[in-house]
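Right, one structure below, let's go through it.
Throughout, numbering of the chain's residues begins at 1 and tracks the sequence. Nothing here was measured: the structure is a model prediction, and the numbers come from that model.
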Amino acid sequence: MTPPATFSFDSPGDAERAAELRRVKALATLVLASTLALFVVAKWLVPVHPVFGFIAAFAEAATIGGLADWYAVVALFKRPLGLPIPHTAIIQSNQARIADKLGEFIQVHFLEAGPVEAKLKEIDFGSFVADWLRDRKRSDDLARFALRLLPEAVSATESSGLMTFIIRRMSSQLQAIDLAPLAAGTLRGFVAEGRHQILFDDLLRVMHETLNQTETMAMIREKVRAELPTLLRLYRADKFLVNKIVASATAFFNEVRSDPKHPFRGEFDRMVLSFVDRLGSDRAYIDRIDGLKRDLLARPELADLARTVWANTRSFIERSASGETQVLQHHLAGMFVAAGEALAGDAELRGEINKGLVAVLRSFVADQKSGVSTFISDQVKAWDMAQLISLIEINIGRDLQYIRFNGSLIGGLAGLALYSVEFLLRWL
């Protein structure tokens, strides 16, 4: 069972309020004793002069009013004189009912959807988040906190088998990808943007440079020389032919490279587009690409690479969390600050964040308000009522004691008025 809740009386001003309460209590008791004494004296002096009858009537009624209000004030908190009088110690006797009603009141009047939503809409959550993230120190603290959690998250991922599940899931997703249409679509976009012509120009440049290299020309000359008759070889016709071939090829390459509308470029376009169409529809190409994909995914080197990347990533995270390196922390903090700056400059995004948080918090409060009511009720039921009553008396007891003063005064005046009416009726 939860132990009774206790309250502190060390808050500022409690000692002064307690002393003031004792003073007012003593003064109210003194007033009650004074009215009683006045009643006795005035009653004794009534034969001396009729005016003492009026004084006695006032004092008698004032004493009765003071006693009645003393009883009412005391009965609110405890049993007067410790006597088991019914309907006294009202707060203590009704602790459970007060607790239930307080919880119900909070649930009905404070946690209803309308007031909660209206209050939440007054809060600019987006601006708060933006201002918080833009503070460099806070972003550094957030980055440091996130880094401290990362090693544990990595260890939990490995030990829980989540990593194995992720790898298997990724592998199955990769196996399910149909690469042929994807490659065909990528190449078709590549051609539509004219980027294949850049590749074509680079290919022409490489061919031109290769043909004009001494080694290449020597190799072509040897091939040509081997095919020529002996007579032509004596006249060094091979060198002449090679020079002509290279010069013609170079001129052709230069012509194609300098003319964006050269017919040869159109032939190259048709060749590439034909290949793209076959790549996306030809079963042989599709099967070959799928086979290459399966062979690649089945390679042990790929699994070794994944394990190496993961081990290096984990090591880097651990070193960052221990403070050995500050690189990741600085990047995270910078990312948080940049996010805050971006959020501060995007009113539409802040509005969406506010709407989302209002909806989430409104739903959360609606789901939990009965639990809040029960929690409040249970807490009040667990309070130490003796301490709670002392706390209430310290804070509002002084005002309650003035009820006793008012009771004595009003009771005295009422008694005086009734005695005056009686006195007049006797003389009529």
Side-chain angles (χ1 to χ4, degrees), residues 2 5-14 106 110-163 165-167 170 305-369 371-372 375-376 379:
T2 305
T6 57
F7 302 89
S8 172
F9 296 94
D10 298 329
S11 59
D14 276 355
I106 295 295
F110 285 87
L111 300 180
E112 275 297 296
V116 168
E117 183 175 359
K119 188 63 180 177
L120 289 174
K121 285 182 177 179
E122 296 177 2
I123 304 173
D124 191 351
F125 295 102
S127 295
F128 172 79
V129 173
D131 293 340
W132 198 94
L133 289 175
R134 292 164 70 188
D135 187 292
R136 183 69 194 197
K137 184 179 181 304
R138 289 173 176 169
S139 290
D140 283 335
D141 293 340
L142 180 60
R144 195 177 302 111
F145 173 74
L147 283 177
R148 284 200 298 267
L149 295 180
L150 273 179
E152 297 182 6
V154 170
S155 298
T157 300
E158 292 178 339
S159 60
S160 64
L162 180 60
M163 182 56 62
F165 171 78
I166 292 174
I167 292 175
M170 289 178 61
L305 176 62
R307 282 191 292 268
T308 301
V309 171
W310 176 253
N312 291 337
T313 303
R314 181 181 58 192
S315 175
F316 179 65
I317 290 174
E318 290 173 350
R319 288 188 291 111
S320 298
S322 65
E324 183 179 342
T325 174
Q326 302 291 323
V327 175
L328 186 55
Q329 180 180 327
H330 288 327
H331 278 291
L332 279 176
M335 182 181 68
F336 292 145
V337 172
E341 294 288 351
L343 183 58
D346 193 336
E348 183 177 355
L349 179 58
R350 292 199 308 274
E352 292 298 326
I353 290 175
N354 290 339
K355 289 180 182 178
L357 285 176
V358 167
V360 170
L361 293 175
R362 180 185 59 204
S363 176
F364 176 79
V365 171
D367 293 339
Q368 300 298 323
K369 65 179 182 179
V372 172
F375 173 77
I376 293 173
Q379 288 298 306

Point to revise | Student check: side-chain heavy atoms of L343 and V129 closer than 4.5 Å | key: yes
Point to revise | Set of side chain to side chain contact (heavy atoms under 4.5 Å, CB included) partners for R138, sequence neighbours left out | key: W132, D135
Review point. Is the shortest heavy-atom distance from the side chain of S315 to the side chain of R319 under 4.5 Å?
Key: yes
Revision key, fill the gap. Distance col, row D131:CG vs S127:OG, nearest 0.5 angstrom, shows 6.0 Å
Check your understanding: Do R144 and D141 have side chains that get closer than 4.5 Å, going by heavy atoms?
Key -> yes
Review point. Judged by atom type as modelled, is there a donor-acceptor pair below 3.5 Å linking the side chain of R350 to the main-chain atoms of A344?
Key: yes
Check your understanding: Under the side chain to side chain contact (heavy atoms under 4.5 Å, CB included) test, which residues partner V337, sequence neighbours left out?
Key -> R136, S139, E341
**Study point:** Donor-acceptor contact present, side-chain D346 to main-chain A342, <3.5 Å
**Key:** no
Check your understanding: If you draw a 6.0 Å radius around CZ in F316, do more than 12 non-hydrogen atoms from other residues or ligands fall strictly inside?
Key -> yes
Study note, to complete from the structure: Output for pair (I376 CD1, I106 CD1), nearest 0.5 Å, gives 5.0 Å
Pairs of donor and acceptor atoms involving the side chains of residues 326-336, under 3.5 Å and at least two apart or interchain, shall be tabulated with distances.
| residue | atom | partner | partner atom | Å |
| --- | --- | --- | --- | --- |
| Q326 | NE2 | G323 | O | 3.3 |

Point to revise | With L120, the side-chain contact (heavy atoms from CB on, under 4.5 Å) member among L361, L357, N354 | key: L361
